[in-house]
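Contents: one structure, followed by commentary.
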Amino acid sequence: MSCARLEGITVSYDTGPTVLQVDHLELAGGTITALVGPNGSGKSTLLQVIAGLLPPRTGNITFGERRPERRVVAMVFQSSQVDARLPLTVAEVVAMGRYPHRGLLGRFRAGDRAAVMQAMERVDVADLARRQLVELSGGQRQRVLAARALAQRASILLLDEAHTGLDAASEVLIARAVEEERDRGAVVVAATHDLQTAARADQVVLLAGRPVACGPAAEVLVPARLADAYGPGVIVPTA
Amino acid sequence: MVRALLLDPFSLTFLQRALLAGMLAGISCGVVGTWVVLRKVAFFGEALSHGIVPGVAIATLVGFSPVLGAAASAGGMVAGVSGASRARRVGEETAVGLLFVGMLGLGILIISRSGSFAVDVTALLFGSVLGVRTEDVTVAAIAAALTLAVSLAGYRAFVALTADERVAALAGFSPRWTRVWLLAIVAMAVVASFRTIGALLVVALLVAPAASAVQFTRRIPWTMAIAVLLAWSAVIAGLLASYHLDLAAGGAIAVVAVLQFAATAGVRSMVARVGVHAAAG
């Protein structure tokens with residue numbers, strides 16, 4: 001299984017100060033890594049760097065021995081950041097997950113259509129295929145965005161607060177699909193504010209502008225470590 | 001009676017040319033306007049349409065093709081608007097706003113210093129049915145073909161960009177270049193339309209039909225098709241109103257297009273209210 005490696009990464013916006021520094025971080029295939037930390041700690045920034053959406057000022061990312069190609073990275077964004085009023089059906093939104101494989105003009109093949117259908121079935125939105133996002137609940141919309149990423153069948157799956165504000169059914173469906181991605185060998189990285197969700201991950205990276213702790217949840221999600229990121233005196237519920 | 005009202009005007013050659021140019025402009029504006037409305041960048045469309053004024057003014061003064069002058073000016077505006085997206089400190093809209101009033105001001109300066117009536121300002125700003133030449137119809141046809149071709153070829157990139165720029169980037173479609181292509185086809189639609197409807201009013205044909213269509217459609221290709229049909233009906237009704245009531249054709253087309261939007265928005269609102277009452281009942 002391939003592994004994503006980040007070496008000597010620093011990120012800043014324009015000429016501003018460094019907002020994220022990662023000297024060395026390894027994200028193994030077949031594992032789920034949770035990124036936790038307070039607002040502004042660099043969780044989303046780190047995901048964007050891994051996705052190639054934000055070029056680091058220094059350092060490099062490799063997947064296997066090379067820079068990750070576009071098509072190997074899929075990302076689930078928060079549904080609240082997507083304009084649900086667009087005249088697009090659920091099936092069309094999920095089909096965007098195949099764009100990295102087919103490009104601008106490549107014809108969709110049977111395999112692409114199967115990947116789209118399977119992705120919708122995995123998060124239980126297949127029966128909503130002809131509906132529009134605006135007609136769906138928040139949880140259903142989030143599942144559609146998850147399906148788009150699943151349809152890509154990427155080697156690296158990134159989730160940016162994809163569990164936030166979900167109903168229990170949607171959370172279970174997305175969590176199960178994410179675990180299946182992990183089981184087929186994908187590198188899964190999820191940014192979350194929810195420490196209970198983070199506790200289910202194989203590895204947790206605690207961020208405060210840089211990784212202040214990295215390891216199994218039992219070692220990282222402890223009061224002494226959490227205080228390094230969230231500050232002293234802050235009670236962080238973990239149960 | 002009906003024949004005299006609807007058909008007879010179009011037996012005149014100059015109205016036939018205006019109709020043909022308007023219908024071709026309707027194709028460009030309906031297709032491109034759909035992206036403009038969905039991307040919520042109507043202001044950029046307005047900026048591009050106003051930005052062609054100096055190019056047209058200079059071209060007319062030196063005896064060059066106004067359409068090519070408009071195209072050159074629009075090219076400059078596309079480059080300027082693309083560059084404005086990097087103006088983070090003042091914001092993209094502020095930068096584009098300054099660019100478009102700057103270009104419009106420059107155009108007015110050139111016209112005011114021309115010392116002659118070489119540039120028909122009214123026709124430039126508000127369109128002129130009499131001013132549509134065969135060359136304009138050819139340009140409108142080329143623009144319609146190009147905007148359709150680019151919209152089809154770039155469909156996935158435009159959809160991804162419209163949904164979320166990050167999705168476009170992850171799919172391998174450069175958001176920056178996709179935006180430039182989008183601006184380029186907006187510019188084409190503007191250049192193809194300004195002779196009939198005028199530089200100041202072309203944004204009505206660009207935005208109103210698509211804004212009307214999007215209220216009732218569930219898929220983007222349908223939005224485009226209905227926007228084109230609405231643009232055609234606005235052109236026909238506008239030209240007829242212009243002929244029978246001696247009105248400026250550009251203004252009449254723009255008013256009809258905006259009235260179509262008001263009507264569809266009203267119907268959409270009523271349908272939504274009836275739906276809410278039915279659900280509550």
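Only a predicted model underlies this, so the values are computations on that prediction, with no experimental measurement involved.
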Rounded to the nearest 0.5 Å, what's the gap from CG on B/L38 to CG on A/L86? Could you check? 6.0 Å
Side chain, backbone, both or neither of A/M96 within contact of chain B (heavy atoms, under 4.5 Å): side chain
Let me know if A/E92 has heavy atoms under 4.5 Å from chain B in its side chain, its backbone, both or neither. side chain
Hey, are the side chains of A/F77 and B/V167 touching, using non-hydrogen atoms and a 4.5 Å cut-off? yes
So, taking the atom named CD in A/Q132 and the one named OG1 in B/T217, what distance separates them when rounded to the nearest 0.5 Å? 7.5 Å
Looking only at heavy atoms, the pair that brings B/A171 and A/Y99 closest together is CB-CB, 3.9 Å
Could you give the distance from CZ (B/R166) to CG (A/D160), rounded to the nearest 0.5 Å? 7.0 Å
Does A/R122, at its CZ atom, have more than 12 non-hydrogen atoms belonging to other residues, nucleotides or ligands within less than 6.0 Å? yes
Enclosure of A/R109 CZ (heavy-atom neighbours >12, cutoff 6.0 Å): no
So which of B/P175, B/A153, B/A168 has the largest heavy-atom pair count under 4.5 angstrom toward chain A? B/A153
B/T162, part contacting chain A, at a heavy-atom distance under 4.5 Å: both
Heavy-atom pairs under 4.5 Å with chain B - which of A/E135, A/Q48, A/R130 has more of them than the others? A/E135
Donor-acceptor pair, side chain of B/R218 and main chain of A/T89, under 3.5 angstrom: no
Residues B/G154 and A/L104: closest non-hydrogen pair is CA-CD2, 4.0 Å
Are any non-hydrogen side-chain atoms of A/P87 and B/V214 less than 4.5 angstrom apart? yes
Please give me the minimum heavy-atom distance between B/L170 and A/M75, naming the atom from each residue. CD1-CB, 3.5 Å
